[in-house]
Amino acid sequence: MSLEQWRRNQWLKAVEAKLPEIEQLFAVVDREIKDASIKEMSVDGRFMHAYDAALNLCAIALRASGYVVGKGQGHHKKTIESLALTMGLQFKDVAEQIEIASRLRGQAMYDHVGVIEEQDAAEFLQTTKTLYEAVVGWIKRFHPLLLPRQFS
């Protein structure tokens, strides 16, 4: 499927992307990565912050492509799944890692503590940081007018 097919299925809305919005989303990602790096925070908390950063990176790629997922059921899932459509099939495995993290995050947030292992949190934070660099490079290449000044 393509983003345009998703739009026709009413899973997405076409909305022109604007630089201030992309800048704000990157500010959120920066905050979440910083919070995910606080060693004194619980491992579950660090993992949840890393997940929020990764989700917002998927949203940045989708927004830069001119689309937004409507709020409601499946918002996170569609945003994550869109990564392979926005940045390419080589990001399908990353999207799957984020989807797995989404399920773990849900368990940690709503069911019980101790779901996340220290190694899981550290590895997922590294995955998120790697995705961050990839999203910045992708925007530079394909959407340079949406590149925040901090990356110029």
Side-chain angles (χ1 to χ4, degrees), residues 1-4 6-7 11-39 41-109 115-116 119-152:
M1 281 200 156
S2 69
L3 292 172
E4 184 54 29
W6 278 29
R7 188 196 62 74
W11 299 339
L12 300 177
K13 295 177 190 172
V15 179
E16 181 184 354
K18 300 203 185 299
L19 179 58
E21 178 186 10
I22 301 297
E23 289 173 331
Q24 280 300 309
L25 287 170
F26 269 112
V28 170
V29 171
D30 290 340
R31 179 198 65 208
E32 294 300 323
I33 287 175
K34 182 179 177 185
D35 289 353
S37 302
I38 297 172
K39 294 295 179 199
M41 184 178 294
S42 71
V43 67
D44 290 350
R46 290 195 317 267
F47 187 85
M48 286 186 245
H49 284 290
Y51 168 78
D52 288 342
L55 178 65
N56 276 289
L57 287 165
C58 294
I60 288 169
L62 188 59
R63 288 300 301 122
S65 298
Y67 295 94
V68 64
V69 175
K71 302 289 183 200
Q73 284 188 320
H75 174 256
H76 286 202
K77 186 169 180 53
K78 285 295 178 207
T79 300
I80 294 165
E81 288 175 352
S82 73
L83 187 64
L85 298 175
T86 56
M87 292 183 54
L89 290 177
Q90 68 270 29
F91 287 91
K92 187 174 182 178
D93 288 344
V94 175
E96 288 174 5
Q97 289 175 353
I98 299 169
E99 181 60 37
I100 291 167
S102 175
R103 290 192 294 275
L104 287 173
R105 172 200 166 269
Q107 290 175 15
M109 180 168 266
V115 173
I116 312 299
Q119 182 176 348
D120 296 329
E123 287 176 1
F124 190 65
L125 178 57
Q126 187 55 54
T127 295
T128 300
K129 289 177 177 180
T130 300
L131 179 58
Y132 185 103
E133 296 301 320
V135 170
V136 170
W138 177 80
I139 289 177
K140 279 182 183 178
R141 183 170 178 200
F142 295 104
H143 303 282
L145 296 177
L146 296 174
L147 184 68
R149 284 178 233 96
Q150 72 200 56
F151 303 118
S152 308

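Values below: all heavy atoms of this structure, side chains included; hydrogens, waters and symmetry mates excluded. The residues of the chain are indexed from 1 along the displayed sequence.
- Looking at every heavy atom in both residues, L146 comes nearest to K18 through CD2-C, 3.8 Å.
- Using a 4.5 Å heavy-atom threshold, the side chains of F124 and I98 count as touching.
- Listed for the T127 side chain is a donor-acceptor partner under 3.5 Å among the backbone atoms of E123.
- Here K77 pairs with E81 under the side-chain hydrogen bond (donor to acceptor under 3.5 Å, both in side chains) rule; sequence neighbours left out.
- The shortest non-hydrogen separation linking L125 to S37 is CD2-OG, 3.7 Å.
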- Pair E23-R149, side chain to side chain contact (heavy atoms under 4.5 Å, CB included): steps then yes or no: CA-CA 9 Å; E23 289 173 331; R149 284 178 233 96; 3.7 Å; yes
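- The minimum heavy-atom distance between P148 and F26, with the atom names listed, is CG-CD1, 3.6 Å.
- Using the six-membered ring where Trp is involved, W6 and W11 have ring planes that are perpendicular, over 60° apart on the 30 and 60° scheme.
- Pairs of residues two or more places apart, or lying in two chains, never qualify as ring pair (Phe, Tyr, Trp, His ring centres under 6.0 Å) while including a residue from residues 78-97.
- Pairing each heavy atom of A121 with each of I116, the nearest pair is N-CG2, 4.0 Å.
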Could you tabulate the donor-acceptor pairs under 3.5 Å formed by side-chain atoms of residues 56-69, not counting sequence neighbours?
{"residue": "N56", "atom": "ND2", "partner": "D52", "partner atom": "O", "Å": "2.9"}
{"residue": "R63", "atom": "NE", "partner": "E21", "partner atom": "OE1", "Å": "3.1"}
{"residue": "R63", "atom": "NE", "partner": "E21", "partner atom": "OE2", "Å": "2.9"}
{"residue": "R63", "atom": "NH1", "partner": "V15", "partner atom": "O", "Å": "3.0"}
{"residue": "R63", "atom": "NH1", "partner": "Y67", "partner atom": "O", "Å": "3.1"}
{"residue": "R63", "atom": "NH2", "partner": "E16", "partner atom": "O", "Å": "3.1"}
{"residue": "R63", "atom": "NH2", "partner": "E21", "partner atom": "OE1", "Å": "2.8"}
{"residue": "S65", "atom": "OG", "partner": "A61", "partner atom": "O", "Å": "2.9"}
{"residue": "Y67", "atom": "OH", "partner": "E4", "partner atom": "OE1", "Å": "3.1"}

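- The 12-atom threshold is exceeded at CD of E96, counting heavy atoms of other residues, nucleotides or ligands nearer than 6.0 Å.
- Using a 4.0 Å cut-off between charged side-chain N and carboxylate O, E133 and K129 make no salt bridge.
- Distance check: L104 CG to M48 CE gives 10.5 Å after rounding to the nearest 0.5 Å.
- Taking CD of Q24 as the reference point, atom CG of L19 lies at 10.5 Å (rounded to 0.5 Å).
- In plain terms, the two heavy atoms of L131 and A54 that are nearest each other are CD2-O, 4.2 Å.
- Applying the 6.0 Å contact sphere to CD of Q119 captures no more than 12 heavy atoms from other residues, nucleotides or ligands.
- Minimum heavy-atom separation, Y132 to D30: OH-OD1, 2.6 Å.
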